[in-house]
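One structure is given below, encoded as structure tokens.
Letters A, B, ... are given to chains in the order of the sequence lines, protein chains preceding strands, and every chain is numbered from 1. Just so we're clear, the structure is a prediction, and the values are computed from it rather than from any experiment.
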Protein chains: 2
Amino acid sequence: MEIVIDIDDPIPLFAQLIEQIKHAVAKEHLKPGDALPSIRQLANDLALNSKTVAKAYRLLERDSIIQTKGYRGTFIHPEAKKNSAVDMAAWVEEKITHTIAVCRDAGVTDSEIRIAFANVMNKRNV
Amino acid sequence: MEIVIDIDDPIPLFAQLIEQIKHAVAKEHLKPGDALPSIRQLANDLALNSKTVAKAYRLLERDSIIQTKGYRGTFIHPEAKKNSAVDMAAWVEEKITHTIAVCRDAGVTDSEIRIAFANVMNKRNV
DNA sequence: ACTTGTACCATCACTATACATGGTACATAT
DNA sequence: ATATGTACCATGTATAGTGATGGTACAAGT
């Protein structure tokens, strides 16, 4: 596990971390069951804030790339390789692209779309 | 046509203008074919910038509430009353609400939805 | 000449969000 | 005690979008 973080890279630090762990899983440098460094340990090694690492871990767990087992630490998920191939972001963009295209076709301005989007996002009861 | 603009109202000025013209159409204080003040005239009367009035007119025309006839001025659209009842904003919100709900159900965070949305909006080739 | 809508150029204040940081605290399980 | 993930409090910087403003200019039609 060599992880390199470039603070000058425009890609957010937490995203660089996710990217590299996913890549290591895809390349099988990390296999199911392998232990990952603790959040605090990794934050210390990479000179990052623990919240930044925690954010990456939280998202990786949501995508079932890793599994956190409380006090016992964090491990590579059994289905990690398969799940690392799933591009959730692309799927979301595809959904949103379609909706926006429909609105634009109806003559709605981008500004209005943005306002409607903001309104919906800020109604938590959705 | 008495239009009152309240600069202390949190509602944007151009939106107040749209609102009041639509209302006048719905109440039939403005009927199809009625002439509206020119952009510069109305801007002057209401102490608004002409671009602000132009924005309102542009949106009203898109929604077929008014018709601009170049040098001849601006008039109430024949179908204005019917079109003033159409709530484009609500329709857009409904579309977006559905898409966002689907994404949230899939476990996508609001932050990720926002980023995907921004990405799509900034790809003009949609 | 004059007015119409429209299209550029631009600036400013305001707001919202993302990202990253820091500190403190907690239950869990060794 | 110690270490785990996690949750809450908070701040600061940077970016992006909105709303509104102002100026200049143009074709179209009287």
Side-chain angles (χ1 to χ4, degrees), chain A residues 5-19 35-62 66-75 77 89 109-123, chain B residues 5-19 35-44 46-62 66-75 77 89 109-124:
Chain A
I5 297 295
D6 178 5
I7 57 169
D8 293 325
D9 195 313
I11 299 173
L13 306 182
F14 81 94
Q16 291 184 43
L17 198 44
I18 290 174
E19 201 174 81
L36 273 78
S38 76
I39 288 176
R40 290 174 179 83
Q41 180 65 50
L42 190 54
N44 192 61
D45 291 351
L46 301 176
L48 297 179
N49 189 282
S50 61
K51 312 304 167 57
T52 304
V53 178
K55 182 175 185 177
Y57 273 31
R58 185 169 64 249
L59 290 169
L60 284 167
E61 184 175 33
R62 185 208 55 189
I66 65 178
Q67 273 181 324
T68 66
K69 303 195 174 181
Y71 73 102
R72 267 169 291 166
T74 303
F75 305 87
H77 190 280
T109 67
D110 281 12
S111 181
E112 288 169 318
I113 294 174
R114 285 199 173 92
I115 291 169
F117 176 81
N119 286 345
V120 175
M121 290 301 288
N122 294 328
K123 271 184 216 146
Chain B
I5 297 295
D6 178 4
I7 58 171
D8 293 325
D9 195 312
I11 299 174
L13 305 182
F14 80 94
Q16 290 185 43
L17 198 43
I18 290 174
E19 201 174 81
L36 273 79
S38 76
I39 288 176
R40 291 173 178 81
Q41 182 65 49
L42 190 53
N44 192 61
L46 300 176
L48 297 179
N49 189 282
S50 63
K51 312 305 167 59
T52 304
V53 178
K55 182 174 185 178
Y57 273 32
R58 186 169 62 248
L59 290 168
L60 284 167
E61 183 174 34
R62 185 207 53 190
I66 66 178
Q67 270 181 325
T68 67
K69 304 196 173 182
Y71 72 100
R72 268 170 290 166
T74 303
F75 305 88
H77 190 279
T109 66
D110 281 11
S111 181
E112 288 169 319
I113 293 174
R114 285 197 175 92
I115 290 169
F117 177 80
N119 286 344
V120 175
M121 291 301 287
N122 293 329
K123 272 184 213 145
R124 281 300 332 177

### Summary
Protein-proximity profile, nucleotides 4-13 of chain C, B/S/- by nucleotide at the 4.0 Å heavy-atom cutoff, equals BBBBB-----
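Of the candidate nucleotides dC19(C), dA20(D), dG17(D), dC19(C) has the atom nearest to the side chain of Ser111(B). The side chain of Arg114(B) sits closest to dT17(C) out of dC19(C), dT17(C), dT18(D). Side chain of Pro12(B), nearest nucleotide from dC19(C), dA20(C), dG19(D): dG19(D).
Rounding to the nearest 0.5 angstrom, the gap separating the CD1 atom in Ile115(A) from the OG1 atom in Thr109(A) is 7.0 Å. Distance CD1/Ile39(B) to CZ/Arg58(B): 9.0 Å, rounded to 0.5 Å. With rounding to the nearest 0.5 Å, the separation of CD1 in Ile18(B) from CD1 in Ile66(B) is 9.0 Å.
As rounded to whole Å, 14 Å separates atom C1' of dT17(C) from atom CG of Asn122(B). Counting to the nearest Å, the P atom of dA20(D) and the CG atom of Leu59(B) are 12 Å from each other. Between the CZ atom of Phe117(A) and the C1' atom of dT18(D) there is a distance of 16 Å, given to the nearest Å. Atom C1' of nucleotide dT21(C) and atom CG of Leu46(A) are separated by 16 Å, given to the nearest angstrom. Per the geometry, CG belonging to Leu17(B) stands 11 Å off P belonging to dT21(D), to the nearest Å. Summarising the geometry, the separation between CD1 on Ile11(A) and P on dA18(C) is reported as 18 Å, rounded to the nearest angstrom. Here the C1' atom of nucleotide dT4(D) and the CG atom of Leu42(A) are 14 Å apart, to the nearest Å. For the pair Asp9(B) CG and dG19(D) P, the computed distance is 13 Å after rounding to whole Å.
Checking each of Leu60(A), Leu59(A), Leu46(A) against Leu17(A) for a side chain to side chain contact (heavy atoms under 4.5 Å, CB included) leaves exactly one that passes, namely Leu46(A).
Under the 3.5 Å distance criterion, the side-chain polar atoms of Gln16(B) are matched with a main-chain donor or acceptor of Ile11(B).
Between Gln41(A) and Asp45(A), the closest side-chain pair of non-hydrogen atoms falls below 4.5 Å.
Scanning for side chain to side chain donor-acceptor pair (under 3.5 Å) contacts around Ser38(B) gives an empty result, with sequence neighbours left out.
Dashed line: the shortest gap from a side-chain N or O of Lys55(A) to OP1 or OP2 of dA20(C) is not under 4.0 Å. In this structure, Asn49(B) does not reach the dA20(D) phosphate: none of its side-chain N or O atoms is under 4.0 Å from OP1 or OP2.
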